[in-house]
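Source: prediction; values computed, not measured. Excluded from the calculations below are hydrogen atoms, water molecules and symmetry mates; all remaining heavy atoms, backbone and side chain alike, are included.
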Amino acid sequence: MKLQTAPTIDLGLVRPDSTEPLDVPMIDGRQIRHCDVRYALFYGNVDGAIVTLTHFFLTTGEQFFTRFPQFGGKVLNKKLQIPLPTGFFRS
């Protein structure tokens, strides 16, 4: 899960549509792959200490690049990534 303040997405070293297995235990005898994962993305605006969410997207890794363009190369990344605090979704 990631909050975006720019229209680019830093995915790290593994493509979301990868069919490689995740390094997690099997679930009901099935090995989960990166392309099976659901990706939740939030776009937002930052005004001082206030973050306003403006968009929400939910997609599978398999369909990720049908919803979002893939950027490549070693380019300067100037977006602000804000990690969600532990326990953010607890009631």
Side-chain angles (χ1 to χ4, degrees):
M1 197 169 300
K2 183 178 282 191
L3 169 65
Q4 291 290 140
T5 60
T8 60
I9 303 167
D10 181 4
L11 298 169
L13 300 176
V14 178
R15 290 172 49 104
D17 59 354
S18 169
T19 58
E20 294 295 316
L22 284 168
D23 187 20
V24 297
M26 287 185 167
I27 299 174
D28 289 331
R30 181 170 180 208
Q31 185 61 52
I32 304 299
R33 305 166 300 164
H34 294 277
C35 61
D36 300 321
V37 172
R38 279 19 176 207
Y39 289 80
L41 292 98
F42 300 85
Y43 284 17
N45 294 322
V46 179
D47 182 14
I50 303 295
V51 177
T52 303
L53 299 180
T54 59
H55 297 80
F56 165 71
F57 301 94
L58 181 65
T59 188
T60 63
E62 181 178 39
Q63 295 293 314
F64 194 91
F65 292 119
T66 67
R67 304 262 331 247
F68 305 100
Q70 183 178 3
F71 297 92
K74 294 182 178 180
V75 295
L76 183 60
N77 183 345
K78 290 192 174 194
K79 68 178 170 275
L80 174 62
Q81 294 188 29
I82 304 168
L84 297 175
T86 303
F88 182 81
F89 291 104
R90 290 187 187 157
S91 305

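How far CZ of Phe64 is from CZ of Arg15: 10.5 Å, rounded to the nearest 0.5 Å. Going from atom CG of Leu41 over to atom CZ of Phe68 covers 5.0 Å, rounded to the nearest 0.5 Å.
Between the side chains of Gln63 and Thr66, at least one donor N or O sits under 3.5 Å from an acceptor N or O.
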Exercise. Any chance you could lay out the side chain to side chain contact (heavy atoms under 4.5 Å, CB included) test for Glu62 and Asp17, step after step, and finish with the verdict?
Key: CA-CA 4 Å; Glu62 181 178 39; Asp17 59 354; 5.6 Å; no
Quiz prompt | Verdict with reasoning, Ile32 to Met26, per side chain to side chain contact (heavy atoms under 4.5 Å, CB included) | solution = CA-CA 7 Å; Ile32 304 299; Met26 287 185 167; over 6 Å; no
Self-check item: Chi angles and distances behind the side chain to side chain contact (heavy atoms under 4.5 Å, CB included) call for Ile27, Arg30
Solution: CA-CA 5 Å; Ile27 299 174; Arg30 181 170 180 208; 5.6 Å; no
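Less than 6.0 angstrom separates the ring centroid of Tyr43 from the ring centroid of Phe57.
The heavy-atom pair separating Gln31 from Pro21 by the smallest distance is CG-CB, 3.5 Å. For the pair Cys35 and Thr60, the tightest heavy-atom approach, listed with the atom from each and the gap, is O-CB, 4.0 Å. Of all heavy-atom pairs spanning Phe56 and Ala40, the tightest one is CE1-CB, 4.0 Å.
Put simply, the side chain of Thr54 reaches to within 4.5 Å of the side chain of Asn45, judged on heavy atoms.
Within the 3.5 Å criterion, the main-chain N or O of Leu58 finds a donor-acceptor partner in the side chain of Arg67.
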